[in-house]
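Worksheet for the structure shown next.
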Amino acid sequence: MTTDIKGQKLSIMKCDACKDGYLIPKPNKDGDFFLGCTGYIPNGTGCNRSLSKSAYYEMLGLSETPAPVHTIPRGFSKTQTDPILKTAVVKSATSNASNDEPIIIEKASVNKTTHYNDIDLNNILHTILQCVSHISQKRFYGITVLVDVLRGTSGKRITEMKLHEIEEYGALKALEREVLIHIIEWMIQNHYLLRTKGQYPVLHLTFNGIHYHEKITSNQLKQLQKTLNTPS
Ligand SMILES: [Zn+2]
């Protein structure tokens with residue numbers, strides 16, 4: 001997802017330094033691109049967060065090989081798992097395929113476990129993020145599909161895209177639908193996930209989400225636990 005295709009593999013993401021900014025591809029004076037915050041103000045009073053292309057590539061394990069050129073298909077085929085990614089893979093025989101592999105989210109080691117109904121909240125959050133990473137390989141989805149996959153719900157939409165083959169399928173079936181939605185909303189509010197705007201919002205992993213093990217704290221888990229135990 002990008003705002004400027006000239007930025008090649010640079011993809012927009014939620015700024016981790018300010019509340020409402022996004023890191024988007026911007027050209028530097030040499031004509032190369034970096035990620036800079038939309039909250040940047042030239043006089044320095046805004047958000048100065050930026051990420052060089054090499055730092056970004058290193059972070060996501062991307063190669064410098066140019067992104068494959070491919071056309072966006074007109075519709076989603078029912079037989080192919082993901083028309084966009086599939087064409088990209090097929091046509092980019094020379095490029096490193098590492099950017100097509102799922103992002104592996106590391107588990108966090110927090111010094112105190114926080115539970116909800118005997119389930120470790122840290123495990124729940126990690127499972128949700130890893131599930132988003134896996135389903136996003138097929139397509140980007142909204143909360144409903146994510147919850148269906150996590151709870152192991154069957155249905156045409158699930159089997160058509162082979163979402164039941166995902167490792168996290170049914171992994172959180174012990175949790176009620178409303179509880180899972182509450183947790184995912186909390187993760188959006190706390191910038192572990194990004195929900196796009198528009199008619200069909202979909203979920204993306206954020207910088208915080210990818211770096212979950214470094215970002216999550218026992219305090220945050222406690223705070224989430226509190227909101228779960230307080231009926232709203
Ligand atoms: Zn920012």
Side-chain angles (χ1 to χ4, degrees), residues 1-64 66-67 98-99 102-108 110 121-122 125-126 128-133 135-137 140-143 146 181-224 226-227:
M1 186 164 63
T2 187
T3 48
D4 194 334
I5 197 77
K6 293 196 292 296
Q8 296 192 322
K9 292 177 185 172
L10 291 174
S11 184
I12 67 168
M13 55 186 176
K14 190 85 188 68
C15 179
D16 58 321
C18 66
K19 276 204 173 81
D20 46 9
Y22 287 88
L23 300 177
I24 61 166
K26 294 179 178 185
N28 63 23
K29 50 185 185 312
D30 305 321
D32 204 2
F33 279 74
F34 67 99
L35 287 175
C37 186
T38 49
Y40 174 75
I41 300 172
N43 69 13
T45 57
C47 176
N48 290 321
R49 176 84 169 124
S50 70
L51 198 62
S52 72
K53 192 159 107 183
S54 55
Y56 176 85
Y57 277 29
E58 197 188 316
M59 184 176 98
L60 294 185
L62 298 173
S63 68
E64 291 281 343
S98 65
N99 52 337
I103 294 167
I104 307 297
I105 317 282
E106 272 185 63
K107 271 191 189 164
V110 284
L121 276 176
N122 183 24
L125 297 190
H126 177 260
I128 294 173
L129 290 169
Q130 195 60 71
C131 187
V132 171
S133 165
I135 63 173
S136 299
Q137 280 200 292
F140 294 114
Y141 289 100
I143 287 192
L146 177 61
I181 292 174
H182 178 102
I183 295 174
I184 295 165
E185 291 287 352
W186 181 91
M187 292 170 84
I188 295 169
Q189 272 169 32
N190 288 275
H191 310 307
Y192 289 101
L193 290 171
L194 168 73
R195 174 169 42 201
T196 58
K197 300 210 186 320
Q199 201 181 353
Y200 303 106
V202 294
L203 298 171
H204 289 269
L205 288 174
T206 59
F207 184 87
N208 279 8
I210 294 168
H211 297 88
Y212 172 73
H213 71 290
E214 293 167 3
K215 295 289 178 182
I216 193 74
T217 62
S218 322
N219 266 351
Q220 263 192 322
L221 291 171
K222 269 248 141 17
Q223 186 212 338
L224 169 61
K226 238 183 233 171
T227 68

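In each ligand, atom 1 is the first atom listed, and ligand 1 is the first ligand listed.
Ring pair Trp186/Tyr192 is parallel by interplanar angle, where below 30° counts as parallel and above 60° as perpendicular.
The backbone N or O of Pro201 lies less than 3.5 Å from no partner atom in the side chain of Thr196, so there is not a single donor-acceptor pair.
If you take CG on Leu205 and OG on Ser133, they are separated by 5.5 Å, rounding to the nearest 0.5 Å.
Among protein atoms, those of element N, O or S found less than 2.8 Å away from the Zn ion (ligand 1) are Cys15 SG, Cys18 SG, Cys37 SG, Cys47 SG.
For Thr227 and His182, the side-chain atoms include at least one donor-acceptor pair closer than 3.5 Å. Side chain to side chain, Thr2 and Asp4 fail the donor-acceptor criterion of an N or O pair below 3.5 Å.
With sequence neighbours excluded, no residue forms a salt bridge (charged side-chain N to carboxylate O under 4.0 Å, His left out) with Lys107.
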